[in-house]
*Asks:* 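Before I ask anything, let me first share the structure, which is written out below as structure tokens.
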Protein chains: 2
Amino acid sequence: MPEPNRRGIPEATVGRLPGYLRALGELGEKGLTSVSSEELAAAAGVRSAQLRKDLSYLGSYGVRGVGYDVVQLSAQIARELGLTQEWPVVIVGLGNLGRALAAYRGFATRGFRIVALADTDPAVLGQEIEGLVVRTLQDIAATGPRVSIGVITTPAAAAQEVADALVEMGVRSILNFAPCLLSVPEGVHVRKVDLATELQILAYHEQQRALGVTGGEAVVAQ
Amino acid sequence: MPEPNRRGIPEATVGRLPGYLRALGELGEKGLTSVSSEELAAAAGVRSAQLRKDLSYLGSYGVRGVGYDVVQLSAQIARELGLTQEWPVVIVGLGNLGRALAAYRGFATRGFRIVALADTDPAVLGQEIEGLVVRTLQDIAATGPRVSIGVITTPAAAAQEVADALVEMGVRSILNFAPCLLSVPEGVHVRKVDLATELQILAYHEQQRALGVTGGEAVVAQ
DNA sequence: TTGTGTGAATCGATTCACAGCC
DNA sequence: GGCTGTGAATCGATTCACACAA
């Protein structure tokens, strides 16, 4: 018996689970109730062997000779990712990007709720944005609400002290949009999203083509 | 003999070069003119052996017993990434995120220039944003300017047809912020940035902690 | 003596290929 | 007969450890 193999899903697999969940959602909307690994892999942009291996880490949820039940597999992946509960999020830094994220609807779609907005600029403090009043992180730490995930959309120069403050108030998951490295204590997870990095990687490949490198291989890192 | 090893820098290395470039910039601003692999690795958040191996793919630019020249190494990495020329960028989809990116200054910092803004919404077409008039992609394709890189910030439902139009007009590098898989011809590079995916990965680790998994290992994937 | 550059060793992730089950 | 689940094989990326250059 498969023994769901709790603890120890490879990081690379965790990184693909959200894509499977999205693909399953789309297939479900089309009315599909069952998919083969071949079909789901195509919808998620991976190879079928990879999909099956990934899913095998969650346990056995497919039926041999048939495929996977769309609803059941969605639920299983959502459970594994921790999306059955709602995670409270604070956005720190309400410049253009912070405001765009605050207004982003898809946020709430799945397990996440923006419960606080933070900034230090007196011109922004007290403003109401998307139904939330902008406060200082110190105020939020002192009087609630509790947050699990911090999203940093400040300039790079402020990001480290924001991270320190978030850690101080107990946040152990940070999504950093500022173009800088954050140093955090052991056990705190940071993920970085950096526009400049992404563009520079594209520029590299663009230049390779210009240099006449044959790299005509398939497609890409989506 | 080192033989710069043109062609065939591992993808993982390419993905770290932008980080080295940023770290070198910071060190340079502090007045440093020379760094050891140990110092630069610390500033970029990698191990020194990894840094040396990565740099070895670009050729030999360090001096044994001394380290690397900050200016020279920056220039070499920038050249390798193709940042010595300016890449023209179009942003497609001027919702909150598209506008935030259009206003983002750091964009121009290094080798990228937003030369066009595209949308299909009549309410947005013709508006001037950040000094550029919003036009249709078709208009841009027909009357210029030429673009190398397309940034998609439309809703997911529109992303595929935008990608098709970009490919049609000769764009072969796409940065996709829409939460969906794009299908593109061989040779076109797509990179995906997805807020939901990042949050879901954080949620996974957050839940693992809640379940009492020991995963107290260091830090993370920045 | 110091710190780079790099083969060799290790580690992890992907793919293959097929046994097992429906 | 068809498709999952998974060991075995492969591939690539990271780390080790040290020869070698300054």
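Letters A, B, ... are given to chains in the order of the sequence lines, protein chains preceding strands, and every chain is numbered from 1.
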*Asks:* Using heavy atoms and a sub-4.0 Å distance, could you list which residues of residues 15-43 of chain A are near DNA chain D? By number, please.
*Replies:* A:S36, A:S37
*Asks:* Name all residues meeting the side-chain contact (heavy atoms from CB on, under 4.5 Å) criterion together with B:A103; count only those two or more places apart in sequence or in a different chain, and write none if there are none.
*Replies:* A:N96, B:E130
*Asks:* Using distance only, find each side-chain donor-acceptor pair of residues 13-20 of chain A under 3.5 Å and give its atom names and separation, not counting sequence neighbours.
*Replies:*
from  : atom 1 : to    : atom 2 : distance (Å)
A:T13 : OG1    : A:D54 : OD1    : 2.7
A:R16 : NE     : A:D54 : OD2    : 2.7
A:R16 : NH2    : A:Q50 : OE1    : 3.4
A:R16 : NH2    : A:D54 : OD1    : 3.0
A:R16 : NH2    : A:D54 : OD2    : 3.3
A:Y20 : OH     : A:D54 : OD2    : 2.5

*Asks:* Mind checking side-chain contact (heavy atoms from CB on, under 4.5 Å) for B:A158 and listing every partner two or more places apart, or none if nothing turns up?
*Replies:* B:T154
*Asks:* Which residues pass the side-chain contact (heavy atoms from CB on, under 4.5 Å) test with A:D194, not counting sequence neighbours?
*Replies:* A:P179, A:K192, A:A196, A:T197
*Asks:* Nearest of C:dA13, C:dG20, C:dT6 to any side-chain atom of A:R64?
*Replies:* C:dG20
*Asks:* Which nucleotide sits closest to the side chain of A:S56: C:dG5, C:dG7, D:dG5?
*Replies:* D:dG5
*Asks:* Specify the residue among B:G62 and A:T13 whose closest nucleotide of DNA chain C lies further upstream toward the 5′ end.
*Replies:* B:G62
*Asks:* If you check the B:Q50 side chain, which of C:dC22, D:dT14, C:dC18 turns out closest?
*Replies:* D:dT14
*Asks:* Which nucleotide in the set D:dT14, C:dT4, C:dA13 lies at the smallest distance from any side-chain heavy atom of B:Y68?
*Replies:* C:dT4
*Asks:* With a 4.0 Å cutoff (strictly under), does any side-chain N or O of A:R52 reach OP1 or OP2 of D:dG5?
*Replies:* no
*Asks:* Name all residues meeting the side-chain contact (heavy atoms from CB on, under 4.5 Å) criterion together with A:E168; count only those two or more places apart in sequence or in a different chain, and write none if there are none.
*Replies:* none
*Asks:* By nearest nucleotide on DNA chain C, pick out whichever of A:D54 and A:V66 is the more 5' one.
*Replies:* A:D54
